Amino acid sequence: MDNIAAQKEHDMYVRRLATGLRMNGRVAAGLPGWDAPLAVPGNGSDNGSGPYVPDIEALLGAMHCLVEVETAGSLGGVDVDARWQAFSHWARSPGRMFLVAVPTALEPGAHQRLARLGIRNAEVITV
């Protein structure tokens, strides 16, 4: 899949998920026409990179969620580890959650990557 097609697939999943979440709370998404999600600083393990902006930020009742959408074209990306570690670090505070959203076929790979990184406070959801 070329970069343009991969980005379209990614944006389709972000739009679908953000639209569904918006029915339950305030949602920001990294898409044209949406409020921008908050920027999360790096957590020190990313060689000073960052800040990182998640695909979706949602306030759902008392829960503040960051959602990162990954597709076959992005799950193996070089910056995924640093982004996930930063979002996981952010989600350590009470009332916060980090979600990784992937197509069903990529769910095992997302769980494996989280385990390899030692991230235990993230949930994998399918889109």
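Starting from 1, each residue takes its place in the sequence as its number. Keep in mind it's a predicted model, so treat the numbers as computed, not measured.
Cluster membership check: Ile125 does not share its hydrophobic cluster with Phe87, using side-chain heavy-atom separations under 4.5 Å among Ile, Leu, Val, Met, Phe, Trp and Tyr. Each of Val14 and Leu75 belongs to its own hydrophobic cluster when Ile, Leu, Val, Met, Phe, Trp and Tyr are linked at side-chain heavy-atom distances under 4.5 angstrom. When hydrophobic clusters are built by joining Ile, Leu, Val, Met, Phe, Trp and Tyr residues whose side-chain heavy atoms come closer than 4.5 Å, directly or via intermediates, Met63 is not grouped with Leu38. Hydrophobic clustering (ILVMFWY, side-chain heavy atoms < 4.5 Å, transitive): Leu106 and Val69 are in distinct clusters.
Using modelled atom types and a 3.5 Å distance limit, the side chains of Asn3 and Gln7 yield no donor-acceptor pair. If you check the side chains of Trp84 and Glu70, you find a donor sitting under 3.5 Å from an acceptor.
Residue Arg120 qualifies as open at atom CZ: its count of foreign heavy atoms under 6.0 Å is 12 or below.
Between Trp90 and His64, the distance separating the two ring centers is shorter than 6.0 angstrom.
Side-chain contact between Val53 and Val40 is absent, with no heavy atoms from C-beta onward closer than 4.5 Å. Ile56 places none of its side-chain heavy atoms less than 4.5 Å from the side chain of Leu99. Inter-residue side-chain proximity for Val124 and Leu114 is flagged as met; some heavy-atom pair is nearer than 4.5 Å. No side-chain heavy atom of Met12 sits less than 4.5 Å from a side-chain heavy atom of Lys8. By the 4.5 Å heavy-atom criterion applied to side chains, Asp55 and Val67 are not counted as neighbours.
For the pair Arg15 and Trp34, the cation-pi criterion (under 6.0 Å, within 45° of the ring axis) is not fulfilled.
Of all non-hydrogen atoms in Pro54 and Tyr52, the two that sit nearest each other are CD-O, 3.9 Å. Ala86 and Gly42 get closest at one heavy-atom pair: CB-CA, 4.3 Å. Closest heavy-atom contact between Ala29 and Ala18: CB-CB, 4.0 Å. Between Ala91 and Met97, the closest heavy-atom pair is CB-C, 4.0 Å. Pairing each heavy atom of Ser88 with each of Asn121, the nearest pair is OG-OD1, 2.5 Å. Between Val80 and Ser74, the shortest heavy-atom contact is CG2-O, 3.1 Å.
A donor-acceptor contact shorter than 3.5 Å is absent between the side chain of Asn24 and the backbone of Leu60.
Here the OG1 atom belonging to Thr71 is positioned 6.5 Å from the NE2 atom belonging to His10, to the nearest 0.5 angstrom.
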Could you walk me through whether Leu117 and Gln85 pass the side-chain contact (heavy atoms from CB on, under 4.5 Å) test, one step at a time? CA-CA 8 Å; Leu117 293 170; Gln85 288 169 335; 3.6 Å; yes

